[in-house]
Novice: 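My questions all concern the structure below.
For the single chain, residues carry numbers from 1 onward in sequence order. These values consider heavy atoms only, across backbone and side chains, with no hydrogens, waters or symmetry-generated copies.
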Amino acid sequence: MCFYCCCSYLGHPFDSRRLIHSLESTPYGRQLQILLIDKPVNTDGNFPHLENSEKLRFNAKTLSRFSDCWKMEKVPRSPVLRATPFICLLLLCLLYTVDFEFNVTRSDQWENQTQLEATGFACDSKIHTDICVSSKPVRIDTVTMKVYAPFSQGMPPANPTLHPYAIKNDKALMNTTVTSVQILLGNITLSSPCQYTHNVTAVIFSFGGYAQNLFHEFNEVIIPLFLTSRHFQSRLHFIVTDFRSKVVAKYKKILFHLSSYEVINPALNRSMHCFPGAVVGLHYHDHLAISNTTIPKGYSMLDFKQFLRESYNLKKQDLSQMEKPVLVLISRKKSRMFLNEDEILTMMRALGFTVVVAKPGMMRHLNTVAEMLNACSVLVGAHGAGLTTAVFLPEGAVMVQVVGLGLEWFSDNYFGGPARGMGLNYLEYKIEAEESSLVSFYGRDHPVITDPASLYSQGYKVGRAMYLKRQNFNIDVVRFRMTLVNALGLLGRSAPLVS
């Protein structure tokens, strides 16, 4: 607040947008959501030159505080007070010159750094994703999703086309549900003129593909988005292709915490936008995982979990802040159901757990899920997307995954391994053949029961239809109880004696 009062008092013009970004960690800085051309703030407290498609949003309390600053009268002051504006301006200059050195060319953030520094443009291709970066001004046509970038000597002659979604090896999915983005290298002044001018980097990604499934939303969009954009410190602008209103609303807090700007929906904002740089596509490391030695470097899943706690204002970082053991059971209703769920719940409560049942419909309300899981000691569920909510568990909590027939590889790679990288304890309960509903259809000696690999050899879709879609569980409660006793032990607790 000091900076605004000082500058208003002295009548100095300044770049209010950058100042607001520098204050975003303060109580009032994050309440300012504006996009300005580099213009001074009016002395009456108004912010002129807002872009047509964007809004200035203040709450009443913040406005009154700013109003008080602008209405300050010049009254006699002590030498210390008279010096205060100049001290504030000095601090502002330091923030401006130091904090805003951050840009898209950091060497620990991008592959092909040599080419990027030499030409201002570089692309990198991995198994799961493609990503291109321009550190020079670009023009983005949101009607055609073409990016016009300046050509320099040393650039590849081809104009790359990307699907900005982190699962490119599924060609059918890419071609049907993910809008392609073409980058045209040349003289950008030959393209249509700018209708909107921005002074932060654009990041283009898609909410197509398998988005609408919690696992895929985090695996292919949210974690890659964190990896790609966190180092910008909110000074970037998202352009979301294949815009899904419900999905964007679901992750509003995350998007807001990564960017101080309104998301651009190309379907509604059909214009030519000019940016000082752009990133097309997202970085991807592994299933629900981040490697701190892979580009972009320096991040881990613990950093991502801390980011989630900040985004959702979650209080518990680890189990030291937990008083009683709370167990969340993920209840399913279409496949991989617990057929004897009531019996399982009775056993869990007898072990001393406070049990919360997460019904399928609850998973759509991420704010509620985040709070529920942050207060959870043990998460129990059959292999499935619901286990993705483990990202909200406090460190040291226990994930118990019920592993069905034919699901061993998926269970370990999608949730078992990632859970350990999240600072969680991981246990799994592998069902016996008699606990699978498939036995009643095929008999104990059928290859469906004895040789799941033979079904997957006929194609993934055949195995998926059998083991993910047709299978339910009738859990051996006595045997399962021992797994939960082990979970209690990991929490430093013991099970009550059985009479």
Side-chain angles (χ1 to χ4, degrees), residues 214-215 217-219 222-223 226-227 230 250-251 253-254 257-258 286-292 299-331 345 348-349 351-359 362-402 411-412 414-429 483-495:
L214 191 66
F215 171 80
E217 288 165 356
F218 270 91
N219 186 59
I222 300 303
I223 295 175
F226 169 83
L227 275 172
R230 181 60 169 167
K250 180 178 179 179
Y251 293 101
K253 288 190 175 183
I254 289 175
H257 205 62
L258 286 172
D286 207 344
H287 301 307
L288 295 184
I290 295 175
S291 168
N292 59 14
Y299 297 118
S300 69
M301 279 303 290
L302 296 182
D303 296 317
F304 177 69
K305 290 182 67 177
Q306 176 60 31
F307 163 76
L308 291 179
R309 285 192 291 270
E310 295 169 0
S311 299
Y312 289 92
N313 194 28
L314 304 176
K315 305 301 182 184
K316 296 178 176 63
Q317 179 174 347
D318 55 53
L319 287 184
S320 66
Q321 299 166 279
M322 307 283 285
E323 295 182 3
K324 296 181 180 180
V326 176
L327 184 152
V328 172
L329 175 68
I330 299 174
S331 180
L345 291 172
M348 290 173 168
R349 293 184 179 112
L351 283 174
F353 288 108
T354 297
V355 181
V356 179
V357 179
K359 299 290 186 181
M362 294 176 64
M363 296 302 172
R364 293 192 294 267
H365 306 288
L366 211 55
N367 293 357
T368 302
V369 169
E371 292 180 6
M372 177 176 63
L373 270 293
N374 186 241
C376 171
S377 310
V378 179
L379 174 65
V380 178
H383 171 77
L387 289 176
T388 309
T389 57
V391 294
F392 297 112
L393 287 171
E395 290 162 29
V398 183
M399 177 203 282
V400 179
Q401 180 174 203
V402 175
S411 297
D412 186 59
Y414 290 174
F415 297 110
R420 301 178 189 102
M422 296 179 199
L424 304 176
N425 293 295
Y426 175 71
L427 296 173
E428 61 184 22
Y429 177 83
T483 302
L484 296 185
V485 168
N486 291 338
L488 279 172
L490 291 172
L491 300 177
R493 299 172 182 269
S494 57

Novice: Determine the minimum heavy-atom distance between G416 and Y426, stating which atoms define it.
Specialist: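 Between these two residues, the closest heavy atoms are CA-CZ, 3.5 Å.
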
Novice: Taking only residues two or more places apart in sequence, or in another chain, which ones meet E371 in a salt bridge (Lys or Arg N to Asp or Glu O under 4.0 Å)?
Specialist: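 With sequence neighbours excluded, E371 shows a salt bridge (Lys or Arg N to Asp or Glu O under 4.0 Å) to no residue whatsoever.
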
Novice: Among V398, L490, L393, which residue satisfies the side-chain contact (heavy atoms from CB on, under 4.5 Å) criterion with L424?
Specialist: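 Only match with L424 under side-chain contact (heavy atoms from CB on, under 4.5 Å): L393.
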
Novice: ring-ring contact (aromatic ring centres under 6.0 Å, His included) for F218 and Y251? Distances and angles first, verdict last.
Specialist: CA-CA 10 Å; F218 270 91; Y251 293 101; 5.6 Å; yes

Novice: Any idea which heavy atoms bring L373 and P394 closest together, and the distance?
Specialist: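 Closest pair (atom of L373, atom of P394, distance): O-CD, 3.5 Å.
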
Novice: Can you classify the ring geometry of H287 versus F215 as parallel (below 30°), tilted (30 to 60°) or perpendicular (above 60°)?
Specialist: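 Aromatic pair H287/F215 classed tilted.
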
Novice: Taking all non-hydrogen atoms of both residues into account, name the closest pair between L351 and A495 and its distance.
Specialist: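 Result for this residue pair: CD2-CB, 3.8 Å.
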
Novice: Side chains of D303 and S300 only: does a donor on one sit below 3.5 Å from an acceptor on the other?
Specialist: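 Yes.
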
Novice: Determine whether K250 and E217 make a side-chain contact, defined as any pair of heavy atoms from C-beta on separated by less than 4.5 Å.
Specialist: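 A side-chain contact under 4.5 Å exists here.
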
Novice: Could you tell me the separation between the CG atom of L227 and the CD1 atom of I290, rounded to the nearest 0.5 Å?
Specialist: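 L227 atom CG to I290 atom CD1 measures 4.5 Å (nearest 0.5 Å).
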
Novice: I would like to know whether L491 and N425 meet side chain to side chain contact (heavy atoms under 4.5 Å, CB included); could you show each step before the answer?
Specialist: CA-CA 9 Å; L491 300 177; N425 293 295; 5.8 Å; no

Novice: Please answer whether the main-chain N or O of V326 pairs with a side-chain N or O of S377 as donor and acceptor at a distance below 3.5 Å.
Specialist: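 Checking the backbone N and O of V326 against the side chain of S377, a donor-acceptor pair under 3.5 Å is found.
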
Novice: What's the separation between atom OG1 in T354 and atom CD in E323, rounded to the nearest 0.5 Å?
Specialist: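 If I round to the nearest 0.5 Å, the distance is 11.0 Å.
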
Novice: Enter the distance from M348:CE to L327:CG here, rounded to the nearest 0.5 Å.
Specialist: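 These two atoms lie 5.0 Å from each other.
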
Novice: Would K315 and Q321 satisfy side chain to side chain contact (heavy atoms under 4.5 Å, CB included), going step by step from the backbone distance to the final call?
Specialist: CA-CA 9 Å; K315 305 301 182 184; Q321 299 166 279; 5.5 Å; no

Novice: Do F415 and L288 touch side chain to side chain, with heavy atoms closer than 4.5 Å?
Specialist: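 They are in side-chain contact.
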
Novice: Quick check: closest heavy atoms across P418 and D412, and the distance to 0.1 Å?
Specialist: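 Taking P418 first and D412 second, the nearest heavy atoms are CD-O, 3.8 Å.
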
Novice: Find the distance between CD1 (I254) and CD1 (I222) and round it off to the nearest 0.5 Å.
Specialist: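 Separation between the atoms: 5.0 Å.
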
Novice: With a sphere of 6.0 Å drawn around CZ of R364, does it hold more than 12 non-hydrogen atoms of other residues, nucleotides or ligands?
Specialist: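 Incorrect, the count does not exceed 12.
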
Novice: Looking only at non-hydrogen atoms, find the nearest pair between A358 and M372 and report the distance.
Specialist: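 Heavy atoms only, the tightest pair is CB-CE, 3.9 Å.
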
Novice: Do S311 and F307 have side-chain heavy atoms sitting under 4.5 Å apart?
Specialist: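 Yes, their side chains come closer than 4.5 Å.
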
Novice: With rounding to the nearest 0.5 angstrom, report the CE to CZ distance, M301 to F226.
Specialist: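 Taking CE in M301 and CZ in F226, the distance rounds to 9.0 Å.
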
Novice: What pairs of donor and acceptor atoms, side-chain ones from residues 379-392 against any protein atom, are under 3.5 angstrom apart with sequence neighbours left out?
Specialist:
residue : atom : partner : partner atom : Å
H383    : ND1  : Q401    : OE1          : 3.0
T388    : OG1  : A385    : O            : 2.7
T389    : OG1  : G386    : O            : 2.7

Novice: Answer yes or no: is there a side-chain heavy-atom contact under 4.5 Å between N486 and V400?
Specialist: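 They are not in side-chain contact.
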
Novice: Please report the shortest heavy-atom distance between H257 and E310, naming the atom on each side.
Specialist: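 H257 and E310 have their closest heavy atoms at NE2-OE1, 3.4 Å.
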
Novice: To the nearest 0.5 Å, what is the distance between CD (Q317) and CZ (R309)?
Specialist: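 Here the rounded value is 4.5 Å.
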
Novice: Could you tell me whether the side chain of L484 reaches within less than 4.5 Å of the side chain of Y429, counting heavy atoms only?
Specialist: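 No, their side chains stay 4.5 Å or more apart.
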
